[in-house]
Amino acid sequence: MSTEPETTEDTGPGTPEGLETPEAPEALGQETAPEDSGGGRGAGVENAEVSGDAGDGAVESGGAAGDGGAAAAEGEGASQLSEAEAELAAQRVERERIERRKAEKRGTVESGAKLSGKAADLLAAIRAVESGEKPVATVFAEPEPAPRRPVPEPVRRPQPAPAALAPGAPAAEAVEAVRRVLGEGGAPEALAPQVAAALGEGADTTLREDPWQLLRIGGVRPEQADGFARALLGAACAPDDERRVRAVTVWLLEQAALAGHTALELPALTAALAQRGVPDPDAAVQDTIAEGEALVFQDALEEPGAPAPQEEDGEEGEEERPVRVLAGLERYALAEESLADGLARLVNSLSEEAAERWEAAAAGATGGAAELARAAAGHGLVLHTGAEAARAEPAALLGAARAAGLRAFAVCHTPDGRRRLAALVGEEPEAAVGTIAGLLSGAEGPGRDADGALDLDLLIVLDAPQLDVESAAMLVESLPDGARLVLSGDPAVLWSAGPGRVFADLLAARACPQIASRTPDPGPLGELVSGIGVGELHQVEAPGKEIVIVPVRDAGEAVHRTVQLVADSVPRAIGVPPEQTVVITPGHGGAAGTRALNSALKERLNPGPGRFGGFDPGDRIAYSPTPGRTVPGRVVNADADGLHLECAGAPVVVPRERVEQCVRHGWALTAHQAVGGRWPAAVVVLPGDAAQTLSRPWVYTAFGRAERHLSVVHGVEQALPKAVAEVPAKARTTRLQTLLRTQVASVG
């Protein structure tokens, strides 16, 4: 490594502000919400808070609301679904499938009969619901195997998106009615469009009757909803109001989902409720479950390879079998069950019809690709691990499979990942490579067969660690019986923005073959990042200034040096222009977060008044069309339709009412926003106040975004090597391993 090639003026000492992190339940003792990774879920975008400013305004006055908000599919006509709308429609199909699945659930799991304490009380309450003492039946989640559902064929024509997620605005009358209620309660009236969209028809009446429904809006906290409720209800507002306890319980489960959990263990949930002033946390959980706003599960805890407990006298063996009781939001819990069912179906429905073509594919590949082809020939699910250079192996498998006559397609997490994979594939990559969102929406890929399943023999998913349970479930459920699924990715990077840790759980479950690439990333950057992956921060020789360390004393100096690096030093010394350099920092807030850095970089690189909702033509932006997705782009202009962007080479129009929610300046990103992309140069900013937020996956991900040059603006001293050596990925509570254990035999 070397120091920066030129000096800069001293900015003087200062006291850095703390980095902002999205609030999560303190009692959970788990991972806080990931850095901004998309829009609409609270952690991914800057939603207006009840206690703060509602935002910077909308697109230039006089513009009318548009119906778009997603990138137009390249080469398609105006009648085709936009990518965001189509993806939302696909999500709607998945939710409808989950509703059907819920209706199929009937019996309870009797293995909880020997529970004691809070778990037994909760189980008794649920059985009381089932017996009719309470109005809604809620069951434990050990369903009978469900038959494979037919996947509806996604036609390429506009379909309505779910009301709560639709890009278009609610009716003006509904928004105005909600605005009046918000004003009465002292909440920012600018929240009205979000509230009207989230609560649907009669939103004003719903909000007046249950003010705590305000917690359904991302960024609103319980204490803020309490203040709103007091203003509307007066003396009728109480901490034990059943409306409040249900809303706070659901809010805590949503916060857990933002932090990556698909469910929470019961003690963690009740402890978090107690911290939020709920007088009787156990009753709160029971009531929330009885009203159907959450599900409860009991999972057996078994050590891998441990013998089954002996049953000597009746059910005594069951007494000794440890279980855990969990609660979760149905959309994530049932998506995880659906994913487990779909994976088991793929593993157990291996087809021999294409055996000759698989043999030809294996014969036509070499090295790691041949090993992958042989594994896929004999197994419905295969895992492949490796860093950036290892992407050549699934690319070669894709080419060999298509050459052998197999219907094969590969998808990536981001458009940039698609671009890099397409460069490896060669001929006609557009016919073989797409994005996960594009495949699910029907804008990319081979289309569907007569049964509604993807018309594929092989699906390769790169960037697999970024798969959350919902997108993974939709992919797996879309595959026909007998198809092969290859999940490939770097297990050392940050996990998905959405709930779950699908790739990590599958690796731990050992339910299928695992192929580890032996192809290392080359050069000083490859050596540095590989060391970080195993917990070592090496001193790397960088004769071509591939790695530069820039020491700073405070956040103000960090911002100054970052701007100088992007605008002057890197272009002059390395030859990478500012538009091809990304800045990565741990959070959005603080004196050296994305907000401060983007403000300084805009002033230097594209100064302007921000007349289009804070943006000017030429601004670099980060656009979040749907939760969990961030696409880099730039501002083109604005008109009556909204803010016009160019993202991944495609035009995007964001309606004015969604600009604040979905668009941010994008010279500086968080690591969660940047994961899945690569840039010629990266400047990673580590101010002193970031020391407590660093972890090995964060450092690995941030440093690994650079292709040719990495500058590290270093103000955390020994916290960096300590984080690399001692701070692994934070735990997430998930159920996928447990669910797979009952359906798929371990491999190896």
Side-chain angles (χ1 to χ4, degrees), residues 4-20 35-36 45-46 53 55-57 548-574 576-623 630 632-635 660 663-671 673-674 679 681-690 693 702 705-706 709-716:
E4 187 190 5
E6 58 183 47
T7 60
T8 60
E9 64 182 85
D10 186 3
T11 59
T15 303
E17 300 177 12
L19 289 177
E20 288 187 3
E35 305 135 344
D36 185 291
V45 296
E46 291 182 61
D53 187 2
D56 297 328
V548 170
I549 306 300
V550 184
V552 294
R553 291 171 295 178
D554 56 58
E557 185 181 4
V559 172
H560 176 81
R561 298 298 292 273
T562 299
V563 173
Q564 184 189 50
L565 283 163
V566 174
D568 297 325
S569 301
V570 172
R572 182 165 54 253
I574 311 300
V576 177
E579 59 270 19
Q580 295 182 15
T581 299
V582 66
V583 176
I584 301 175
T585 191
H588 293 299
T594 62
R595 298 188 193 104
L597 286 166
N598 277 318
S599 177
L601 288 162
K602 175 174 171 54
E603 183 178 354
R604 177 65 183 273
L605 298 173
N606 195 45
R611 58 196 178 100
F612 300 144
F615 300 94
D616 294 296
D619 280 356
R620 280 176 64 176
I621 54 88
Y623 169 55
T630 298
R634 67 179 183 87
V635 175
E660 182 187 0
V663 186
R664 280 181 164 166
H665 283 109
W667 287 279
L669 306 173
T670 65
Q673 288 179 309
W679 288 261
V683 177
V684 177
V685 184
L686 303 175
D689 52 6
T693 69
R705 298 314 93 201
H709 172 79
L710 170 68
S711 284
V712 181
V713 179
H714 193 343
V716 293

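For clarity, every value in this text was computed on a predicted model and none was experimentally measured. Residues: numbered from 1 along the sequence shown.
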Could you tell me which non-hydrogen atom of [X] sits nearest to which non-hydrogen atom of [Y], and how far apart they are?
X      : Y      : value
Trp679 : Ala674 : CZ3-O, 3.8 Å
Val563 : Ala600 : CG2-CB, 3.7 Å
Pro586 : Thr670 : O-CG2, 4.4 Å
Pro687 : Val716 : O-CG1, 3.0 Å
Ala555 : Ala591 : CB-CB, 3.5 Å

**Asked** side-chain hydrogen bond (donor to acceptor under 3.5 Å, both in side chains) with Asn598: which residues, sequence neighbours excluded?
**Response** none

**Message:** Checking Ser711 now: which residues fulfil side-chain hydrogen bond (donor to acceptor under 3.5 Å, both in side chains) with it, not counting sequence neighbours?
**Reply:**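 Counting only residues at least two positions away or on another chain, Ser711 forms a side-chain hydrogen bond (donor to acceptor under 3.5 Å, both in side chains) with His709.
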
Counting distance only, does the side-chain N/O of [X] pair as donor-acceptor with the main-chain N or O of [Y] below 3.5 Å?
X      : Y      : result
Thr562 : Ala558 : yes
Thr585 : Ala668 : no
Glu557 : Arg553 : yes

**Identified side chain to side chain donor-acceptor pair (under 3.5 Å) counterpart of Thr594 within the set His588, Gln673, Arg664, His665** =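 That would be His588.
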
With sequence neighbours left out, what residues match [X] under side chain to side chain contact (heavy atoms under 4.5 Å, CB included)?
X      : value
Pro617 : Phe612
Pro578 : Val566, Pro571, Leu605
Glu579 : Pro577
Pro607 : none

**Item:** With sequence neighbours excluded, residues passing ring-ring contact (aromatic ring centres under 6.0 Å, His included) with His714
**Value:** none

**Prompt:** If you measure from CD1 on Ile621 to OG1 on Thr630, what distance do you get to the nearest 0.5 Å?
**Reply:** 10.0 Å

**Prompt:** Distance from Thr581 atom OG1 to Trp667 atom CH2, nearest 0.5 Å?
**Reply:**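 With rounding to 0.5 Å, OG1 (Thr581) is 13.5 Å from CH2 (Trp667).
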
**Asked** Around Glu603, counting heavy atoms of other residues, nucleotides and ligands shown, do more than 12 lie under 6.0 Å from its CD?
**Response** no

**Request:** Check the pair Lys602, Asp616 against side chain to side chain contact (heavy atoms under 4.5 Å, CB included), reporting the backbone distance first and the verdict last.
**Result:** CA-CA 10 Å; Lys602 175 174 171 54; Asp616 294 296; 2.7 Å; yes

**Prompt:** Which residues satisfy the salt bridge (Lys or Arg N to Asp or Glu O under 4.0 Å) test with Arg634, sequence neighbours excluded?
**Reply:** Glu646

**Request:** Give the C-alpha distance, both sets of side-chain angles, the deciding distance and a yes or no for side chain to side chain contact (heavy atoms under 4.5 Å, CB included) between Arg620 and Leu669.
**Result:** CA-CA 11 Å; Arg620 280 176 64 176; Leu669 306 173; over 6 Å; no

